[in-house]
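Notes for the one structure printed next.
Order of the sequence lines sets the chain letters (A, B, ...), proteins ahead of strands, with each chain counted from 1.
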Amino acid sequence: DVKVTQSSRYLVKRTGEKVFLECVQDMDHENMFWYRQDPGLGLRLIYFSYDVKMKEKGDIPEGYSVSREKKERFSLILESASTNQTSMYLCASRPQVRGNQPQHFGDGTRLSIL
Amino acid sequence: SQQGEEDPQALSIQEGENATMNCSYKTSINNLQWYRQNSGRGLVHLILIRSNEREKHSGRLRVTLDTSKKSSSLLITASRAADTASYFCATDASGSYKLIFGSGTRLLVRP
């Protein structure tokens, strides 16, 4: 089975801090994604990566950046955390671009910014 | 607005009853996928239906797709308390890398 592992289930940080969320997948998937999930808004795509060092903005990239130095790892960075970035963050991976393949999700990181 | 919109937003049924959730979308798609999310956890893929398919089954799950109406339904038969979760549809649009998720249906199955 595909395993997508997010480094923390719960995280509490302070306003202005630089925050790193880590995601690792073990199935050599080319595509990786970062979403945030908020009540009533569903899942919104922040960034995705289709290969090492390649990234594209999703629907809500403002205030975030990403890093993909190795195929298995995709990091989400909050450059200067703000309270409106308090949310559930979900990482996902998928084996191929535009193929009929599902995404595989990690368990999520619930991030609170105080 | 979201590409996929689920209906109803919340559903409460008795154990043993069937649960039906609907999803509408706006643009042409390669496939439509259904996911389940238990409270506080990540999403788990349930079933994928391609744009040239009309119906698909997996265990107690039945999914239909009507591309002319741009809609899909998920039927869970003989529901169990363990089916309590949120269910999301997601569309995989033609020429796109990404899935577009709806806001989900919260299903409560009462024992």
Straight-line distance of A/Tyr35 OH to B/Leu99 CG, nearest 0.5 Å: 5.0 Å
Common cluster, [X]/[Y], ILVMFWY with side-chain heavy-atom separation under 4.5 Å:
{"X": "A/Met54", "Y": "A/Phe48", "value": "yes"}
{"X": "A/Met88", "Y": "A/Ile46", "value": "no"}
{"X": "A/Leu78", "Y": "A/Leu45", "value": "no"}
{"X": "B/Phe101", "Y": "A/Phe33", "value": "yes"}

Interface moiety of A/Gln37 toward chain B, non-hydrogen atoms closer than 4.5 Å: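 Answer is side chain: those atoms of A/Gln37 sit under 4.5 Å from chain B.
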Shortest non-hydrogen contact from [X] toward [Y]:
{"X": "B/Leu43", "Y": "A/Phe105", "answer": "O-CB, 3.3 Å"}
{"X": "A/Gln103", "Y": "B/Tyr35", "answer": "N-OH, 2.9 Å"}
{"X": "B/Ser103", "Y": "A/Gly40", "answer": "CB-O, 4.2 Å"}

Selection from A/Arg110, A/Arg9, A/Gln6 maximising heavy-atom pairs under 4.5 Å formed with chain B: A/Arg9
Closest-packed option against chain A by number of heavy-atom pairs under 4.5 Å, given B/Arg41, B/Lys98, B/His45: B/Arg41
Does [X], at its [atom1] atom, have more than 12 non-hydrogen atoms belonging to other residues, nucleotides or ligands within less than 6.0 Å?
{"X": "B/Arg80", "atom1": "CZ", "result": "no"}
{"X": "B/Glu17", "atom1": "CD", "result": "yes"}
{"X": "A/Arg14", "atom1": "CZ", "result": "no"}

Working for side-chain contact (heavy atoms from CB on, under 4.5 Å), residues A/Leu90 and B/Gln37: CA-CA 12 Å; A/Leu90 292 163; B/Gln37 184 180 35; 4.2 Å; yes
Verdict with supporting geometry, A/Gln101 and B/Leu48, side-chain contact (heavy atoms from CB on, under 4.5 Å): CA-CA 8 Å; A/Gln101 297 286 339; B/Leu48 181 153; 5.8 Å; no
